[in-house]
Amino acid sequence: MVGFNLQPEPRIVSDLAELHRAGADEFIRCAREAISARGRFVVSLAGGSTPKGAYALTAGDQKDPAKRLPWDKIHLFFSDERNVPPDDKESNYRMANESLLSKVPVPTENVHRIPAELDPSTAATQYEAELRNFFKPKPGDWPRFDLFMLGMGPDGHTASLFPGSTALNENSRWVVANWVEKFKTYRITFTFPVINHAAQVMFFVAGEDKAPVLKEVLQGKEAVYPSQRVRPVDGRLLWIVDKAAAKLL
Ligand code: 6PG
């Protein structure tokens, strides 16, 4: 499997239901580990459609005392957002709120939504300011998320870091407004240095339509896709993929 870009072995599960189960279990495991080690769990939620089922299972698991989490010690951020209000059907916040946040006793102030109803560069600037206020970094430091959740598109994009977009080469900002030519719109997204300073990054990838790019991303000789630039500098990288997406591996 080892290609030039040295991606870790993916965890292949049989279908979307199992992928959601694996994702929810990993969320709870990481939360427990971070809270016992550092007193809090700081996570960045993935957008798109694939993680929704994992969020719903995580919420459902809270009925089980063995899986219950202290939500007052959990802070939730968003890996990226569409330039829409929070009640828009395209909103990643709305997806996460409907499937998880509205179903668990998380204090409102612990949910750090991207103010994506604003113009994109103001939204990015405000969100970065909120992050810096939260993490209180020393000069030159990057934030360290305990868990950074990501999906991947059929074009190899992740978060809103799309092929050919300017944000791919951002090395000082934490959050930027990124023009996405194919959608003729801006997205607000974390940048690679933030992703790559996480303690753990977890990709969720499902569906046959992603099989060709997943093979390239995991086994390709060249690092040409944005998802291949996710390389934790001092952290763990986990790919959870379903059989359909893994069919060419
Ligand atoms: C978004 C996501 C994006 C997503 C991929 C996969 O806002 O759309 O952050 O990066 O993870 O496009 O999306 P699906 O899970 O819907 O296939």
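Being a predicted model, the structure only gives us computed values, none of them experimental. Atoms within a ligand are numbered from 1 in the order they appear, just like the ligands themselves.
- Among protein heavy atoms, the minimum distance from atom 6 (C) of ligand 1 is reached at M152 O, 3.5 Å.
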Any chance you could lay out the side chain to side chain donor-acceptor pair (under 3.5 Å) test for S91 and D88, step after step, and finish with the verdict?
-> CA-CA 5 Å; S91 164; D88 189 284; over 6 Å; no
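- For the residue pair S165/N178, the side-chain donor-acceptor check at 3.5 Å is satisfied.
- Considering H75, M149, Q200 in turn, M149 is the only one that fulfils the side chain to side chain contact (heavy atoms under 4.5 Å, CB included) rule with V43.
- At a heavy-atom cutoff of 4.0 Å, ligand 1 is contacted by no atom of L150, backbone or side chain.
- The ring of F77 has its center no closer than 6.0 angstrom to the ring center of F190.
- The atoms of ligand 1 that sit less than 4.0 Å from any heavy atom of R187 are 1 (C), 7 (O), 8 (O).
- Of the protein's non-hydrogen atoms, the one nearest atom 5 (C) of ligand 1 is H157 NE2, 3.4 Å.
- Each of the atoms 10 (O) of ligand 1 lies under 4.0 Å from some heavy atom of T158.
- Of the protein's heavy atoms, S49 OG, 2.6 Å lies nearest to atom 16 (O) of ligand 1.
- Annotation for ligand 1: atoms under 4.0 Å from non-hydrogen atoms of G151 are 11 (O).
- Salt bridge present: R29 and E26 bring a charged side-chain N and a carboxylate O closer than 4.0 Å.
- Separation of atoms CD1 (I74) and SG (C30) is listed at 11.0 Å; rounding is to 0.5 Å.
- For A46, the heavy-atom gap to ligand 1 stays at 4.0 angstrom or more.
- Between A159 and ligand 1, a contact under 3.5 Å exists for at least one N or O pair.
- When heavy-atom distances to ligand 1 are checked against a 4.0 Å cut-off, D80 comes that close only through its side chain, counted from C-beta outward.
- For ligand 1, none of its N or O atoms has an N or O atom of S160 under 3.5 Å away.
- Residues D141 and K136 are not paired through a salt bridge, judged by the lack of any N-O separation under 4.0 Å between the basic side chain and the carboxylate.
- Near N92, meaning under 4.0 Å from one of its heavy atoms, ligand 1 places the atoms 1 (C), 7 (O).
- Within the 4.0 Å heavy-atom criterion, neither part of E81 lies near ligand 1.
- Taking the six-membered ring for Trp, F135 and F145 have ring centres closer than 6.0 Å.
- Heavy-atom proximity to R82, at under 4.0 Å, picks out these atoms of ligand 1: 1 (C), 7 (O), 8 (O).
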